[in-house]
Amino acid sequence: MTHFPPSAFTEFDGFTAALDGRTPALFLDYDGTLAAIAPRPELAVMPDEARAVVRRLSALCPVAFVSGRDLDDLTAMVAVDGLVYAGSHGFDLRGPGLRRQVGVEYVPDLDSAEQLLRDRLGGIAGALVERKRFAIAIHTRQVAPSDKPQVGDAVRAVAEAQPRLRMTGGKELFELRPNLPWDKGRAVVTLLETLGLEGNGTLPIYLGDDETDEDAFRALAGRGVGIRVMESPAETAATWSLQDPAEATAFLARLADWLAEG
């Protein structure tokens, strides 16, 4: 249902009480969560302050980034060594002693779809086709409102022509990815298993702001905590909320202080 879960920042004591002595394992989305949404993906830069907080936290508890971005792009944007990174919604995982790719056999399908999309969208001003290894994002933020339906139609037509791919959406975004039962939620569950974080002493916490993050909130229901970064009420499976990337950074800084005090 559409609502605003309680704020993990303003009700920080209530949030830490829910930890109940367990060590948090943090899973962080990037765009709209720690970096403000920008007109083009390369302009969505994470503030130095947020990077410093992530670095501090990584010395206090497990930290992973889970993003729709391409893995190499995500790693370069965050630029903190020693973390676990899951790119392309978890299809591409990398970290200390960890390397896993899901859906390699779908890369040729993505190659074909990319060519079709570039052909169909080449004439629409502002339509941006961003190829990632395991997904293709079609950004519409710069497209004139009257042209946006045309972009949607083109993406749907390409998706129908490529049955091994599926179409998903986000903020000003369409995405084609392998038609596999795999998403950010499954990636987080896999990481918990792979990193040995399934014990009762650990509480998984996922911060995200978009529809694709809801997969992770649902996957952690009953075993972890979801925090949705949102400026207005939305339908969410998260149990807590934060207003925007600035408040998300402030929350993580408080969490770092709290953990450091032991």
Side-chain angles (χ1 to χ4, degrees), residues 25-38 40-46 50-51 54-55 58 62-111 113-114 117 128-139 165-171 173-195 197 204 206-217 219-220 229 245 248:
L26 289 172
F27 296 90
L28 308 171
D29 174 46
Y30 182 84
D31 294 274
T33 299
L34 288 182
I37 297 282
R40 296 176 63 91
E42 67 273 18
L43 301 177
V45 175
M46 185 165 132
R51 185 171 292 102
V54 167
R55 201 170 271 126
S58 69
V63 178
F65 272 85
V66 183
S67 168
R69 282 181 180 260
D70 190 74
L71 180 64
D72 289 342
D73 175 33
L74 173 66
T75 309
M77 292 300 260
V78 176
V80 177
D81 292 337
L83 304 186
V84 171
Y85 290 96
S88 297
H89 302 288
F91 279 88
D92 209 357
L93 306 167
R94 186 165 63 209
L98 168 70
R99 188 72 185 99
R100 179 170 178 182
Q101 294 184 312
V102 177
V104 177
E105 65 278 18
Y106 289 78
V107 169
D109 303 84
L110 289 161
D111 292 341
E114 180 187 9
L117 286 165
L128 176 65
V129 177
E130 182 197 5
R131 175 61 194 272
K132 310 164 188 186
R133 178 142 165 75
F134 294 102
I136 306 164
I138 301 92
H139 301 270
L165 302 180
R166 68 184 172 112
M167 187 176 102
T168 60
K171 292 175 185 167
L173 177 79
F174 297 100
E175 196 148 45
L176 294 181
R177 41 178 145 147
N179 190 12
L180 285 170
W182 193 260
D183 53 37
K184 285 181 172 184
R186 302 212 178 205
V188 168
V189 170
T190 297
L191 286 172
L192 289 171
E193 293 166 1
T194 310
L195 303 171
L197 298 174
Y206 189 100
L207 265 76
D209 74 308
D210 208 341
E211 288 172 40
T212 59
D213 299 303
E214 290 293 332
D215 294 324
F217 299 147
L220 287 178
V229 180

Original post:
Are the side chain of D73 and the backbone N or O of D70 linked by a donor-acceptor pair below 3.5 Å?
Top reply: no

Original post:
How about F217 and Y206: are their ring centres within less than 6.0 Å of each other?
Top reply: yes

Original post:
About how many Å separate CG of L191 and CG of L197, when rounded to the nearest 0.5 Å?
Top reply: 8.5 Å

Subject >> Closest non-hydrogen atom pair, G32 against V229 >> reply: O-CG1, 3.5 Å

**OP:** Any chance you could lay out the salt bridge (Lys or Arg N to Asp or Glu O under 4.0 Å) test for R186 and D215, step after step, and finish with the verdict?
**Re:** CA-CA 8 Å; R186 302 212 178 205; D215 294 324; over 6 Å; no

**OP:** Look up atom CH2 in W182 and atom CZ in R177, then write down how far apart they are to the nearest 0.5 Å.
**Re:** 12.0 Å

Original post:
Under 4.5 Å between any side-chain heavy atoms of R166 and T168, yes or no?
Top reply: yes

Original post:
Is a side-chain donor or acceptor of D183 paired with a backbone partner of G185 at a separation under 3.5 angstrom?
Top reply: yes

Subject >> Shortest non-hydrogen contact from L34 toward P245 >> reply: C-CB, 3.9 Å

Original post:
Taking atom NZ of K184 and atom CZ of F91, what is their separation to the nearest 0.5 Å?
Top reply: 12.0 Å

Original post:
CE of M77 to CG of L74: how many Å apart, nearest 0.5 Å?
Top reply: 9.0 Å

**OP:** Say whether, by atom type as modelled, one donor and one acceptor occur between the side chain of Y30 and the main chain of G68 under 3.5 angstrom.
**Re:** no

Subject >> Derivation and outcome, side chain to side chain contact (heavy atoms under 4.5 Å, CB included), residues H139 and R40 >> reply: CA-CA 8 Å; H139 301 270; R40 296 176 63 91; over 6 Å; no

**OP:** Please report the closest heavy-atom contact between V45 and E42, naming both atoms and the distance.
**Re:** CG2-O, 4.1 Å

Subject >> Non-hydrogen side-chain atoms of D29 and V66 separated by less than 4.5 Å >> reply: no

Original post:
Run the side chain to side chain contact (heavy atoms under 4.5 Å, CB included) check on T212 and E214 step by step: do they pass?
Top reply: CA-CA 5 Å; T212 59; E214 290 293 332; over 6 Å; no

Original post:
Do L192 and P204 come close enough that some side-chain heavy atom pair is under 4.5 Å?
Top reply: yes

Original post:
For the side chain of D213 and the backbone of D209, is there at least one donor-acceptor N/O pair under 3.5 Å apart?
Top reply: yes

**OP:** Quick one: do V104 and F134 satisfy side chain to side chain contact (heavy atoms under 4.5 Å, CB included)? Show the steps, please.
**Re:** CA-CA 8 Å; V104 177; F134 294 102; 4.0 Å; yes

Subject >> Nearest atoms (heavy-atom pairs only) where A35 meets A44 >> reply: CB-O, 3.8 Å

**OP:** For residues I138 and I136, report the shortest heavy-atom separation together with the two atoms involved.
**Re:** CD1-O, 3.8 Å

Subject >> Residue pair A79 / Y85: nearest heavy atoms and the distance that separates them >> reply: N-OH, 4.1 Å

Original post:
Are the side chains of R99 and D92 in touch, meaning some heavy atoms are under 4.5 Å apart?
Top reply: yes

Subject >> Any L26 side-chain heavy atom under 4.5 Å of S58 side chain >> reply: no

Subject >> Atom pair CG/CG of L93 and L98 - distance to nearest 0.5 Å >> reply: 6.0 Å

Subject >> Presence of salt bridge, D81 and R55, under 4.0 angstrom >> reply: no

Subject >> Spacing of OG belonging to S88 relative to CD belonging to E175, to within rounding of 0.5 Å >> reply: 7.5 Å

**OP:** Among R133, R94, K132, find the residue that satisfies the side chain to side chain donor-acceptor pair (under 3.5 Å) test when tested with D72.
**Re:** R94

**OP:** Would you sort out whether L83 and V63 count as a side chain to side chain contact (heavy atoms under 4.5 Å, CB included), showing the intermediate values?
**Re:** CA-CA 6 Å; L83 304 186; V63 178; 4.0 Å; yes

**OP:** Determine yes or no for a side-chain-to-main-chain donor-acceptor pair under 3.5 angstrom, with R69 supplying the side chain and P41 the backbone.
**Re:** yes

